[in-house]
Every structure is written in structure tokens, then in C-alpha cells.
Amino acid sequence: MDKKLYSIGEFAKLVDVKRQTLLWYDEIDLFKPYEISEKGYRYYTLDQLENFSVIRNLKDLGISLEKIKEIIEFRTPTTMQKIFKEQISTIDTNISQLERQKTSLSNWSQLIDRLHTLPLDTVFIEYQDAASLLVSHNLTDLPVESRSLEITKLNEYRSQSAQIAESLGGIVSLENFNNNQTIYDYFYLPAYHPADNYTKQAGYFVSIYYQGDYTQTFHVYQKIRDFADENQLELGAKIFEQSQVGELTASNPEAYITKISVPIKSHA
């Protein structure tokens, strides 16, 4: 008895997919029609429903069509268990990335919530926990193009590690700080992996929030030095400048907010 044949449109309705899906599966040799007529019409049978269901289930589990094509004809419990374990590992990685994205976005949202409470242009002392940073190469003698490449590398790391909501920071030397020059010796990015290549030590810092273009932060350097002198504080050698509001959340540089933090080396 001849099998009942279903046109591509009829079979697409049976399996609840678009006709284009069946065409694509045929093109990549994943799921072929039972028969193709002399005029090029594709026909399918009910016997193919089971195989299509396998493909659908594996795809719903996040397994790529390329991988499904490799295993569809030769699957065994052993080979499928291996595939499932690989997929579990992939899912765990994706969950970790999503958790980091969620954390970054939550931090940004919370920061925006408290923007109106930030003590702008006011110097204060605070304790900061140790922080793992990914730091660029020294920028001092690099040409403009190479400096831009360092930013690109950090941005790539930010994207790959799902830290899109994290802002780049810059490190100013004590010499440039004392000369009222916003010149970054290094760029950096907060990192989730311990000691990515630099650890900012825990301790007390003299800090201030500056509102305006981040290239103009030198305007408050003198205020920080005056505060340190009045309180007999010796400042450390690196000044950390971290964007709080930057290009991601504001189009006008005058609305940018940068946190400037200088470690306290000693107290007289």
C-alpha cells in the first residue's frame, strides 16, 4: 500500500512550523523530503514525524542544527549523554554570563537611583574593599592609535565577560595629579575574575564626585590636595577615576559624573 504523501505546506501545518523551515532543513541536509516530484515539489509522510520531533526536541534544548545534523542518524544513549553533558556545561556558562549582566545592570540602576544623593564636588574619606581590575598597557608613550586599541581590547573583554554595564576607568599618576593634568597612564575595567592582572588594595581613600567632561577632572585636583593637607594625609601614587555617569547613560558630557579616588598612604 502506497504511503500517503503530504505537500510541504501540509506537512508544515502538521508539525507547526513555517514552510521556510522545511526548505532550510532540506537545503542543509538535516531533514529531507520523502520524495521530490519531477516538477520539484517536495512531499513528506507521517513516518517522518518522529524524526522531525527528535530534531525539534534537540533544538529546543539549545543544541545547534549543525550538531543535530552530526548525530541525528547515529545517536545512541551513550553519545546523547555526552551531548547532554556538553549542553549542560554551555547552559551553566550562559547562566553565569546572564547573572553577571543582571548584576551589572542592577548596579547601574541602583546608581542612577541615588544620583541625586551623591555629594558632588565634596571631598570625603571612605573605605574601599579590594578590587580586581583588568588594566591596559602603560599608555604614556603610546601613539593615539595604540591608545585606542587598548580601549578596544578592554571593550572586547567587557563584551565577552558580559560586563556591558561596567564603565571604563583611568589611572592618573601622582605627578600628573599634582600638575593638574588629567592624563591617564592606564585604562582599566572592573573585573569579576580575581586578580585579572591587577588588584587595587583595600584601604581608605580620599574621594570626590566630579560632574562634567571626564577629560576635565583636573579642576578638582587642587581641592583634593587641599583636603589632604588640612588633614595631614599623605596620598598614594595612583589616582583612580571611575565613570559613574558616562556615554552609556548620558549624551551630554557636561552631565557625566566621575568618581575620583586617591589612596591614603599614611596619616601624620
May I ask you to test the Glu66-Ile28 pair for a side-chain heavy-atom distance under 4.5 Å? no
Asn179 side chain to Gln181 main-chain N or O, any donor-acceptor pair under 3.5 Å? no
Any chance you could lay out the side chain to side chain contact (heavy atoms under 4.5 Å, CB included) test for Ser7 and Glu10, step after step, and finish with the verdict? CA-CA 5 Å; Ser7 70; Glu10 292 170 333; 3.2 Å; yes
Leu23 reachable from Tyr6 in the ILVMFWY side-chain graph, under 4.5 Å edges: yes
For the hydrophobic clusters of this structure (ILVMFWY residues joined by side-chain heavy atoms under 4.5 Å, transitively), does one cluster hold both Ile151 and Leu139? yes
Do Phe124 and Glu126 make a side-chain contact, defined as non-hydrogen atoms from C-beta onward lying under 4.5 Å apart? yes
Interatomic distance, OG@Ser106 vs CD@Glu99, rounded to 0.5 Å, equals 9.5 Å
Just checking Tyr127: does its OH atom have more than 12 heavy atoms from other residues, nucleotides or ligands closer to it than 6.0 angstrom? yes
Quick check against the 3.5 Å criterion: does Gln87 have a side-chain atom that pairs as donor or acceptor with the backbone of Leu61? yes
Spell out, as yes or no, whether a donor-acceptor pair under 3.5 Å connects the side chain of Thr122 to the backbone of Leu120. yes
Are Ile72 and Leu49 linked, directly or through other ILVMFWY residues, by side chains that come within less than 4.5 angstrom of each other? yes
Closest non-hydrogen contact found for Asn180 with Phe218 is O-CB, 3.4 Å
Under a 4.0 Å N-O cut-off, is there an ion pair linking Glu70 with Arg75? no
Between Tyr43 and Phe11, is there a shared hydrophobic cluster once you connect ILVMFWY residues whose side-chain heavy atoms come closer than 4.5 Å? no
Salt bridge or not between Lys238 and Asp185? Use side-chain N to carboxylate O under 4.0 Å. no
Roughly how far, to the nearest 0.5 Å, is the CG atom of Asn57 from the CD1 atom of Ile68? 9.5 Å
If we only count heavy atoms from C-beta on, is the Thr90 to Thr93 side-chain gap below 4.5 Å? no
Could you report the tightest heavy-atom contact between Leu154 and Ser136, atom names first, then the distance? CD1-CB, 4.4 Å
Do the side chains of Asp29 and Lys32 get close enough for a salt bridge, i.e. N-O under 4.0 angstrom? yes
Rounded to the nearest 0.5 Å, the CG atom of Leu30 sits from the CD1 atom of Ile55 at a distance of 4.0 Å
Compute both the distance and the angle, then confirm whether Lys259 meets the cation-pi test with Tyr210: under 6.0 Å from the six-membered ring centre, within 45 degrees of the axis. no
From CG (Leu14) to CD (Gln48), nearest 0.5 Å: 11.0 Å
Arg19 atom CZ: more than 12 heavy-atom contacts under 6.0 Å: no
Does His219 NE2 have over 12 foreign heavy atoms under 6.0 Å away? yes
Nearest heavy atoms of Ser261 and Phe205, plus distance in Å: CB-CD2, 3.9 Å
Is a donor on one side and an acceptor on the other found under 3.5 Å between the side chain of Thr45 and the backbone of Leu5? no
Would you say the side chain of Asp26 lies within less than 4.5 Å of the side chain of Pro33, judging by non-hydrogen atoms? yes
Over all atoms of both residues, closest heavy-atom pair of Ala250 and Val245: CB-CG1, 3.8 Å
For Thr79 and Thr76, does a side-chain donor sit closer than 3.5 Å to a side-chain acceptor? yes
Between Ser146 and Leu142 (side chain of the first, backbone of the second, donor and acceptor by atom type, cut-off under 3.5 Å), is there such a pair? no
Enter the distance from Thr217:OG1 to Tyr256:OH here, rounded to the nearest 0.5 Å. 14.0 Å
Could you tell me if the side chain of Tyr41 sits less than 4.5 Å from the side chain of Ile36, heavy atoms only? no
ILVMFWY network linking Val54 to Ile71, side-chain heavy atoms under 4.5 angstrom: yes
Is there a side-chain contact between Leu58 and Ile83 in this structure, where contact means two heavy atoms from C-beta onward sitting under 4.5 Å apart? no
Given Ile260, which partner from the list Val206, Thr182, Val220, Val172 fulfils the side-chain contact (heavy atoms from CB on, under 4.5 Å) test? Val220
Before accepting this row, confirm whether a basic side-chain N of the pair Glu150/Lys153 lies closer than 4.0 Å to the acidic partner's carboxylate O. yes
Would you confirm whether Gln244, through its side chain, and Gln242, through its main-chain N or O, come within 3.5 Å as a donor-acceptor pair? yes
Between Tyr34 and Tyr44 (judged by ring centroids, cut-off 6.0 Å), do the two rings come close enough to count as a pair? no
Decide whether a cation-pi geometry holds between Arg225 and Phe177; the criteria are a distance under 6.0 Å from NZ or CZ to the six-membered ring centre and an angle within 45° of the ring axis. yes
Start with the C-alpha gap between Leu233 and Phe227, add the side-chain angles, then the distance that decides, and say whether side chain to side chain contact (heavy atoms under 4.5 Å, CB included) holds. CA-CA 8 Å; Leu233 305 174; Phe227 180 90; 4.1 Å; yes
Please check: side-chain N/O of Thr152 versus main-chain N/O of Ser148, any donor-acceptor pairing under 3.5 Å? yes
Stepwise side chain to side chain contact (heavy atoms under 4.5 Å, CB included) check, Glu234 with Ile264: CA-CA 6 Å; Glu234 183 182 357; Ile264 297 174; over 6 Å; no
CD1 (Ile208) and CD1 (Ile224) are apart, to the nearest 0.5 Å, by 5.5 Å
Centroid-centroid distance, Phe31 to Phe52, less than 6.0 Å: yes
Tell me if the CD atom of Gln20 is crowded by more than 12 foreign heavy atoms within 6.0 Å. yes
Aromatic ring pairing Phe240/Tyr198, orientation class (parallel under 30°, perpendicular over 60°, tilted between): tilted
Verdict with supporting geometry, Ile91 and Ile88, side chain to side chain contact (heavy atoms under 4.5 Å, CB included): CA-CA 5 Å; Ile91 290 171; Ile88 288 171; 5.6 Å; no
So for atom CD, which belongs to Gln216, do other residues, nucleotides or ligands contribute more than 12 heavy atoms lying within a distance under 6.0 Å? yes
Between Ser173 and Asn176, is the side-chain hydrogen bond (donor to acceptor under 3.5 Å, both in side chains) condition met? List the steps. CA-CA 5 Å; Ser173 69; Asn176 286 327; 3.2 Å; yes
What closest approach, in Å, do Leu174 and Gly236 show between heavy atoms, and which atom pair accounts for it? CD1-O, 3.6 Å
What is the minimum heavy-atom distance between Tyr184 and Glu241, and which atoms define it? OH-OE1, 2.8 Å
Whether Lys223 side chain and Val123 backbone form a donor-acceptor pair below 3.5 Å: no
With the side chain counted from C-beta on, respond yes when Leu115 and Tyr209 share a heavy-atom pair under 4.5 Å apart, and no when they do not. no
